K.L.:
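Here it is, the structure in full.
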Protein chains: 2
Amino acid sequence: MKPKLTLKKIAKELDVSISTVSKALRDSPEIGEETREKIKAFAKHYNYKPNNIALSLKNRKTKTIGIIIPEIVHHFFTTVISGVEKVANEMGYNVLVCLSDNSFDKEVLNMEMLANGSTDGFILSLAKETMQKEDYHHLLEAINQGMPLVLFDRVIDQIACDKVIIDDVTGAKKAVQYLVDLGCKNIALISTVDYVSVGKLRTKGYRETLEENNIPVNEDLILKIEEMEDSETEIKDFLKNKEIDGIFAVNEHFAISAIKSIQEQGKKVPEDVSVIGFTDGELSKRFIPSLTTVSQHGMRIGEESARLLIEKLERTPTEEDYYKTIIVETGLVVRNSTKSKK
Amino acid sequence: MKPKLTLKKIAKELDVSISTVSKALRDSPEIGEETREKIKAFAKHYNYKPNNIALSLKNRKTKTIGIIIPEIVHHFFTTVISGVEKVANEMGYNVLVCLSDNSFDKEVLNMEMLANGSTDGFILSLAKETMQKEDYHHLLEAINQGMPLVLFDRVIDQIACDKVIIDDVTGAKKAVQYLVDLGCKNIALISTVDYVSVGKLRTKGYRETLEENNIPVNEDLILKIEEMEDSETEIKDFLKNKEIDGIFAVNEHFAISAIKSIQEQGKKVPEDVSVIGFTDGELSKRFIPSLTTVSQHGMRIGEESARLLIEKLERTPTEEDYYKTIIVETGLVVRNSTKSKK
DNA sequence: TTTCAACACGAAAACGTTTTCGTCGCAGTG
DNA sequence: CACTGCGACGAAAACGTTTTCGTGTTGAAA
């Protein structure tokens with residue numbers, strides 16, 4: 001086990017000064033050709049790699065970006081990570097991934113851990129608990145310390161920073177309109193509680209579409225779920241004895257639970273009931289019947305977030321500060337959980 | 001935007017020396033009570049946090065561990081990450097996640113990125129391409145530089161380091177034996193190519209179990225899949241015109257593709273064919289019929305890996321080096337893709 | 001009054017870089 | 001010969017810590 005090679009060791013070995021070694025390796029014209037070649041040959045031969053920690057300290061930047069997500073089980077978030085990774089690595093950045101487990105405290109803790117030098121900036125999707133508490137002091141603090149912040153997916157208006165979102169309202173509208181066009185008259189909505197912005201916005205799209213089509217909104221057909229754990233039984237109860245021919249669910253899991261319940265009732269999907277989910281994950285593809293979903297392009301979201309963040313990181317400090325919000329459009333992926341259009 | 005508070009600034013502000021501030025904050029008895037309290041009050045009020053980079057440089061350790069995984073779409077890997085995160089955070093470590101995308105080059109690149117100071121040690125599951133090339137110089141190099149390494153899931157014997165694996169052979173045996181006990185006579189195996197150790201070992205379990213039950217192994221009933229992309233059609237072709245009543249697949253996806261194909265043939269699962277998969281992911285639970293699977297406890301694997309790594313990191317250098325291999329047992333989760341036992 | 005601990009604090013080195021600013025020797029010029 | 005200029009290199013500061021080793025000031029003991 002040989003300890004890592006440093007400039008100092010090279011310098012001693014070749015009997016020159018540290019500065020000379022540093023300059024030679026960076027191709028400074030100050031150094032004579034002979035010495036330069038000698039040093040470079042030596043460094044290459046012994047596989048010298050500069051120590052990133054020292055560089056970070058010197059440059060006051062780490063070339064890594066932190067991404068904090070509420071949960072990794074959602075396939076959506078994993079595709080976002082891939083997108084961030086892709087762009088970040090292209091630009092020479094590392095990516096540090098942390099999980100908040102939807103807990104406010106863990107989110108704060110994670111940010112504090114990363115803010116003390118580990119990271120140049122953040123990409124994050126807020127924990128459910130955070131949105132509930134509406135306590136954003138940790139975000140403000142980061143911004144205040146000059147750490148750029150990009151919010152994605154679960155964002156809030158109150159914070160001034162770059163944001164990458166999908167158009168939830170329009171996405172929901174596409175889905176519900178599709179159901180209406182299919183001839184559905186009684187369309188149920190299975191959503192999350194309103195403090196998750198996603199739930200609120202998709203609900204909005206649902207309502208607006210119905211109104212636009214002169215279909216009265218029946219509050220009995222709207223279910224708001226608080227706890228993921230109980231969702232399956234809640235949905236089952238909700239669908240009991242209801243006359244519906246269409247369901248719009250705000251995520252895969254709800255959609256699938258709904259289909260199961262429908263089938264247990266002896267009805268068929270899509271013949272009797274058409275179901276559309278949100279978020280195009282592995283489940284949607286593989287489930288039988290495969291799910292018609294609103295697809296949000298996680299990869300794109302990750303890429304855009306990373307680009308936004310790195311842009312902020314690399315701009316000269318004099319440049320004007322202004323914040324962008326990028327909207328990544330959604331698509332409707334039609335599969336087998338909806339009737340085919342005639 | 002206020003720049004971060006440092007010891008130096010506190011020192012200047014309070015008109016003491018840097019050393020005094022440092023000592024006061026670390027409760028050194030060298031410092032008089034009055035000064036100590038004054039400094040601590042000031043630091044707390046202005047929310048001083050030591051700079052991790054500087055600490056890393058000084059201590060020559062970063063308190064972060066890097067985890068490199070081949071792909072994140074496998075739900076299994078995400079649970080491993082959670083396990084690592086959990087233990088790591090408990091012990092005051094950060095976790096840096098990188099994806100190799102199953103590419104040898106990306107794996108090497110990632111390791112090089114992390115090895116230069118970003119990380120104290122590695123937890124990794126080898127890329128498919130790496131196992132194919134059998135080129136492990138990057139692993140050896142890391143070990144050589146004194147960076148502990150823990151391999152999990154996809155491991156190789158040639159490298160001397162800590163390992164966390166599941167007992168693939170036994171896991172496969174459990175599954176196949178279960179099928180045999182169900183009365184299946186013609187059990188097919190859908191596996192990956194042999195250089196993925198997982199594929200090889202599970203195949204071994206399959207063969208052994210059949211032999212133990214005096215069932216001849218029929219090579220025509222064994223499918224080895226190279227490319228995930230083509231798996232669906234390959235499986236469909238494979239299952240055509242075959243008299244089988246049981247299938248053991250080495251992962252969820254293969255199992256589900258198999259079920260789909262079976263159903264398209266007009267046969268029923270589990271009435272006509274019982275199917276067992278490997279890896280208990282979201283898909284297995286949600287699919288209809290829900291999948292009977294061999295469950296490998298990713299969370300446990302992650303936890304054990306992290307524990308192993310941190311143990312190595314924190315042992316005093318004089319202690320004897322020796323390597324452990326931890327085997328995390330598998331379970332059989334019985335669901336609806338297999339006939340019920342009579 | 002001198003001497004010596006004990007106390008409270010500061011100076012400086014070290015971690016591994018980069019970069020600014022010397023400095024030294026030598027060649028060329030007048 | 002005296003100056004200038006330049007090529008080639010080194011010293012040192014800086015990034016933010018921790019820690020070792022002073023050092024100056026007390027108060028008390030001799």
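These numbers come from a predicted model, not from an experiment. Below, read A as the first sequence line, B as the second, and so on, with proteins coming before strands; counting in each chain starts at 1.
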K.L.:
Just how far, in rounded Å, is C1' of D:dA8 from CD of A:E37?
P.N.:
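Going from A:E37 (CD) to D:dA8 (C1'), I get 15 Å.
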K.L.:
Can you tell me the distance, in whole Å, between the CG atom of A:L7 and the C1' atom of D:dA11?
P.N.:
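Answer to the nearest Å: 15 Å.
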K.L.:
5'-most contact on DNA chain C: B:E33 or B:A54, nearest heavy atom basis?
P.N.:
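Nearer the 5' end of the strand: B:E33.
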K.L.:
Rounded off to whole Å, could you give me the CZ-to-P distance for the A:R26 and C:dT20 pair?
P.N.:
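The answer, rounded to whole Å, is 12 Å.
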K.L.:
Separation of B:I18 atom CD1 from D:dC15 atom P, in whole Å?
P.N.:
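Rounded to whole Å, this separation is 9 Å.
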K.L.:
Round to the nearest Å and state the distance from A:I39 atom CD1 to D:dG10 atom P.
P.N.:
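To the nearest whole Å, that distance equals 8 Å.
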K.L.:
Can you check the A:K58 NZ to D:dA14 P distance for me, whole Å?
P.N.:
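After rounding, the gap between these two atoms is 10 Å.
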K.L.:
Figure out the NZ/C1' separation between B:K61 and D:dT17, and round it to whole Å.
P.N.:
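Computing the B:K61:NZ to D:dT17:C1' distance gives 15 Å.
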K.L.:
Toward the 5' end of DNA chain C, which comes first, A:E30 or A:K4, by nearest nucleotide?
P.N.:
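Its nearest nucleotide being more 5', the pick is A:K4.
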K.L.:
For D:dA11, does the base pair up with any side-chain atom of A:S17 as donor and acceptor (N or O, under 3.5 Å, distance only)?
P.N.:
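Result: no qualifying N/O pair found.
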K.L.:
Taking only Lys NZ, Arg NE, NH1 and NH2, and the carboxylate oxygens of Asp or Glu, determine whether B:R154 and B:E71 approach each other closer than 4.0 Å.
P.N.:
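The answer is yes: the pair qualifies as a salt bridge.
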K.L.:
Between A:K312 and A:D162, is there a side-chain N and carboxylate O pair less than 4.0 Å apart?
P.N.:
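Yes, this pair counts.
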K.L.:
Reading DNA chain D from 5' onward, which residue's closest nucleotide shows up sooner: B:L55 or B:K23?
P.N.:
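It is B:L55 whose nearest nucleotide is closer to the 5' end.
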